[in-house]
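The structure appears below as C-alpha cells.
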Amino acid sequence: MSHTQAWCWHAPGEPGQLTLTRQPLPVPGANDVLIANRVIALNPVDWKLIEHGHPQWQPGHVPGVDGMGTIVALGANVSHLRLGARVAYHTDLRHGGSFAHHSCVPARALLPVPDALSDEA
C-alpha cells in the first residue's frame, strides 16, 4: 500500500468543507510510528481550528488531534513498541492529524489500549 485517504483542510470554514483526498502513505520519522486509524475524535479544538485556521496550516493540512488504531510501521529509533499493538493518541495539532486512514504520531504520544476495551471505548 503506497497511498491512504485523509480529510483535508483548505481554508477556514465548517468541518463539512474538508475534502477526502488520496495522499501518499506517510513515512514515520525516526521517533514516530505509523498508525492505521480505527477511530478518530472530533473535539472542540478540532472544529475551532477548522473554523478559524492555524498559522502553520497550509491548504491540504490534515486536522485532528485524537485517534485510536494499530501500529503498522515503526521509526528507526522506536524499539519499545510492536507492530499490531492497539494504541490511542493525542498529538500536536500543528502537524498532520488523525482525520486520515493513517497518521504518523510521535512514539511518546501513544497510550496502550487494553484488550478488554473496544476500539470505540
Closest approach of Pro26 and Leu34, non-hydrogen atoms and distance? O-CD2, 3.6 Å
Of all heavy-atom pairs between Ala100 and Val62, which one has the smallest distance, and what is that distance? CB-CG1, 4.1 Å
Under 3.5 Å donor-acceptor, Ser98 side chain and Asp66 backbone: yes
Arg22 side, atom CZ; Cys8 side, atom SG - distance, nearest 0.5 Å: 13.5 Å
Would Leu42 and Val39 show up in the same hydrophobic cluster when neighbours are defined by side-chain heavy atoms closer than 4.5 Å? no
Which heavy-atom pair separates Pro106 from Asp32 by the least distance, and what is that distance? CA-OD1, 3.3 Å
Non-hydrogen side-chain atoms of Leu25 and His102 separated by less than 4.5 Å: yes
Heavy-atom closest contact (Gly64 atom, Thr91 atom, distance): O-CG2, 4.4 Å
Pair Val105, Val87 - check side-chain contact (heavy atoms from CB on, under 4.5 Å), show working. CA-CA 11 Å; Val105 178; Val87 293; over 6 Å; no
When you compare the side chain of Glu14 with that of Ile50, does any pair of heavy atoms fall below 4.5 Å? no
Would Val113 and Met68 satisfy side-chain contact (heavy atoms from CB on, under 4.5 Å), going step by step from the backbone distance to the final call? CA-CA 8 Å; Val113 175; Met68 179 277 163; 4.1 Å; yes
For the hydrophobic clusters of this structure (ILVMFWY residues joined by side-chain heavy atoms under 4.5 Å, transitively), does one cluster hold both Leu18 and Leu20? yes
hydrophobic_cluster_shared for Leu81 and Leu83, side chain cutoff 4.5 Å: yes
Quick one: does Arg86's side chain have a donor or acceptor within less than 3.5 Å of a partner on Leu117's backbone? yes
For Asp92, all residues meeting salt bridge (charged side-chain N to carboxylate O under 4.0 Å, His left out), sequence neighbours excluded: Arg94
Quick check on the hydrophobic clustering: are Trp47 and Trp7 connected, directly or via other members, by side-chain heavy-atom contacts under 4.5 Å? yes
Is the side chain of Trp9 donor-acceptor paired with the backbone N or O of His61 at a distance under 3.5 Å, no angle test? no
How long is the straight-line distance from CD of Gln17 back to NE2 of His10, given to the nearest 0.5 Å? 10.0 Å
Leu110-Ile40 co-clustered via ILVMFWY side chain contacts under 4.5 Å: no
With no hydrogens and no angle check, just 3.5 Å: does a side-chain donor-acceptor pair link Thr4 and His101? no
For the residue pair Trp57 and Pro63, what are the closest heavy atoms and their distance? CH2-CB, 3.7 Å
From Ile71 CD1 over to Ile35 CD1, what is the distance, rounded to the nearest 0.5 angstrom? 5.0 Å
Please identify each residue that fulfils side-chain hydrogen bond (donor to acceptor under 3.5 Å, both in side chains) with Asn37, with sequence neighbours left out. Tyr89, Ser103
Donor-acceptor pair, Asp46 side chain versus Val65 backbone, under 3.5 Å? yes
Interatomic spacing from OG1 in Thr70 to CG in Asp119 - rounded to 0.5 Å: 8.5 Å
